[in-house]
Amino acid sequence: MMALTPHSKLAEEEISVIFVEHRDNLKIRKIFNKVNKYARQTGRGQNIITSDDDVYATIARKLFSEGEVLAKIGKIELVNWSSNTLSQRSKQLTTVSALYTIAETLSKDKGWSVKIMPTDEGAINEVFEENTIFWKTLLSDMDTYRKYIELTKADKPVSQLREQNLLMKPVTHMALAHVAYMAKQKGVKWADVVVKLNLVDWSMDNPVWFNILVIPAKKKKVITGKESIKAAGMVISYMIMGDIMTSSEIKEVREIIKNSTNGQSEALPEKIM
């Protein structure tokens with residue numbers, strides 16, 4: 001084995017070291033988060049996992065903690081917290097980034113800041129419960145998700161289920177949050193909405209989704225932009241609750257359809273009865 005000799009130049013180097021007195025874990029987590037966030041930019045998923053000041057991050061993390069609605073099944077994690085996307089072969093259901101956006105959407109009437117944790121614990125628990133019900137109802141009442149849970153419990157691949165089904169895409173989960181929020185505003189039970197969602201054609205070949213959720217190329221890809229997610233939420237909402245939407249909301253849906261067809265059509269999608 002070759003002997004190592006000291007490098008004289010290294011003795012001239014200066015290294016900054018910060019010593020922090022450890023009094024509690026929360027303080028250390030906050031310092032760790034701030035140092036990593038500003039010294040070297042961290043990814044969205046990492047920020048959500050480490051942030052203790054952001055209420056949406058804490059809700060997102062809690063949803064897949066032990067005993068909660070999206071807790072791992074066996075050794076399989078249902079939530080990808082290291083990436084904003086899922087590969088075709090992934091056994092995970094969604095991403096922590098999607099959970100964050102969903103929590104933000106479902107509580108957008110709260111006016112919460114992402115920089116200061118709200119002091120109203122009751123309101124935080126209420127929003128967490130809304131998020132839990134959102135996922136619990138989807139997983140228990142929709143055929144695709146029941147199949148996903150069945151396959152996951154048996155530790156079997158879900159790639160075929162994911163391949164052409166938009167319900168297995170995080171972008172659709174975020175769009176459904178807009179539907180859930182509208183349902184709440186209109187006094188419609190989420191469970192009643194989900195019954196109708198189960199009857200929608202969620203195939204990536206369905207022209208309704210072209211240029212809204214899906215790029216209609218030979219090898220179809222989902223569209224992930226914020227505005228596209230909101231637009232998809234409006235279209236889905238019309239399919240489920242079109243009879244009680246306002247004229248301005250219906251006009252917005254027509255405009256979405258017009259833009260998605262390059263002005264070729266303003267025909268509204270069929271409502272699910």
Side-chain angles (χ1 to χ4, degrees), residues 43-49 51 54-107 127-153 155-181 190 193-194 197-198 200 202-204 209 213-214 221-226 228-230 232-233 236:
R44 178 175 166 87
Q46 291 171 307
N47 290 340
I48 293 169
I49 289 298
S51 178
D54 188 335
V55 63
Y56 307 117
T58 59
I59 289 171
R61 292 199 303 269
K62 189 176 178 182
L63 284 167
F64 62 96
S65 62
E66 186 177 353
E68 300 299 344
V69 63
L70 295 175
K72 64 182 180 179
I73 296 175
K75 294 182 179 180
I76 300 172
E77 301 279 357
L78 271 59
V79 179
N80 186 333
W81 53 268
S82 61
S83 173
N84 295 334
T85 60
L86 298 177
S87 69
Q88 182 61 36
R89 299 180 65 182
S90 173
K91 291 186 178 182
Q92 294 162 320
L93 174 64
T94 193
T95 65
V96 72
S97 181
L99 296 187
Y100 181 99
T101 300
I102 291 166
E104 197 174 23
T105 300
L106 293 179
S107 59
V127 171
F128 175 75
E129 186 60 25
E130 282 185 29
N131 280 262
T132 298
I133 291 171
F134 172 85
W135 283 106
K136 188 174 288 185
T137 309
L138 288 175
L139 296 178
S140 64
D141 294 355
M142 293 194 73
D143 295 340
T144 296
Y145 296 127
R146 283 198 292 260
K147 183 65 176 176
Y148 167 79
I149 295 297
E150 178 187 325
L151 290 170
T152 303
K153 284 182 176 178
D155 197 11
K156 293 182 178 179
V158 297
S159 53
Q160 284 189 321
L161 190 63
R162 189 187 307 284
E163 187 175 4
Q164 284 294 318
N165 195 325
L166 282 166
L167 288 174
M168 295 297 293
K169 314 291 184 181
V171 66
T172 307
H173 305 157
M174 292 183 277
L176 290 178
H178 286 281
V179 181
Y181 183 79
W190 179 234
V193 171
V194 171
L197 289 174
N198 200 39
V200 174
W202 295 102
S203 168
M204 290 180 70
W209 312 124
L213 276 177
V214 176
K221 294 183 179 180
V222 295
I223 302 171
T224 59
K226 188 175 181 179
S228 293
I229 291 169
K230 184 180 177 182
I236 300 166

Return the CG to NZ distance between Leu63 and Lys136, rounded to the nearest 0.5 Å.
11.0 Å
Please determine whether the number of non-hydrogen atoms from other residues, nucleotides or ligands lying under 6.0 Å from atom CD of Gln88 exceeds 12.
yes
Using 0.5 Å steps for rounding, measure from the CD1 atom of Ile76 to the OG atom of Ser90.
9.5 Å
d(Asn80 CG, Leu93 CG) to nearest 0.5 Å is 11.0 Å
Verify, without hydrogens or angle tests, whether Gln164 (side chain) and Ser203 (backbone) share a donor-acceptor contact under 3.5 angstrom.
no
Rounded to the nearest 0.5 Å, how far apart are CG of Leu213 and CE of Met174?
10.0 Å
Short side-chain to backbone donor-acceptor contact, Trp209 and Val222, under 3.5 Å:
no
Give a yes or no on whether the backbone of Ile48 and the side-chain of Ser51 come within a donor-acceptor separation of less than 3.5 Å.
no
Could you go step by step and tell me if Asn131 and Val69 meet the side chain to side chain contact (heavy atoms under 4.5 Å, CB included) rule?
CA-CA 9 Å; Asn131 280 262; Val69 63; over 6 Å; no
Checking Tyr56 side chain against Leu99 main chain: does a donor-acceptor pair fall under 3.5 Å?
no
Identify, with sequence neighbours excluded, every residue that meets salt bridge (Lys or Arg N to Asp or Glu O under 4.0 Å) alongside Glu68.
none
What's the shortest heavy-atom distance between Tyr181 and Thr105, and which atoms?
CD1-O, 3.4 Å
Are the side chain of Asn198 and the backbone of Val194 linked by a donor-acceptor contact shorter than 3.5 Å?
no
Could you tabulate the donor-acceptor pairs under 3.5 Å formed by side-chain atoms of residues 165-173, not counting sequence neighbours?
{"residue": "Asn165", "atom": "OD1", "partner": "Leu167", "partner atom": "N", "Å": "2.9"}
{"residue": "Asn165", "atom": "ND2", "partner": "Thr144", "partner atom": "OG1", "Å": "3.0"}
{"residue": "Lys169", "atom": "NZ", "partner": "Arg162", "partner atom": "O", "Å": "3.3"}
{"residue": "Thr172", "atom": "OG1", "partner": "Leu166", "partner atom": "O", "Å": "2.6"}
{"residue": "His173", "atom": "ND1", "partner": "Thr94", "partner atom": "OG1", "Å": "3.0"}
{"residue": "His173", "atom": "NE2", "partner": "Tyr145", "partner atom": "OH", "Å": "3.3"}
{"residue": "His173", "atom": "NE2", "partner": "Leu167", "partner atom": "O", "Å": "2.8"}

Taking Arg89 for the side chain and Pro157 for the main chain, is one N or O donor matched with an acceptor at less than 3.5 Å?
no
Minimal heavy-atom distance between Phe134 and Leu106, with the atoms involved, is CB-CD1, 4.1 Å
Check whether any side-chain N or O of Ser228 sits under 3.5 Å from a backbone N or O of Thr224 as a donor-acceptor pair, and report yes or no.
no
How long is the gap from CD1 on Ile49 to OG1 on Thr58, to the nearest 0.5 Å?
11.5 Å
Of all heavy-atom pairs linking Lys153 and Ile73, the shortest is CG-CG2, 3.7 Å
To check you understand the geometry: which heavy-atom pair defines the closest contact between Ala103 and Ile59, and what is its length?
CB-CG2, 4.0 Å
For Ser97 against Asn84, the heavy-atom pair lying closest together:
CB-OD1, 3.3 Å
Roughly how far, to the nearest 0.5 Å, is the OH atom of Tyr148 from the CD atom of Gln92?
7.0 Å
Looking only at heavy atoms, the pair that brings Trp190 and Leu176 closest together is CH2-O, 3.9 Å
Please enumerate all residues that pass salt bridge (Lys or Arg N to Asp or Glu O under 4.0 Å) together with Asp143, with sequence neighbours excluded.
Arg146
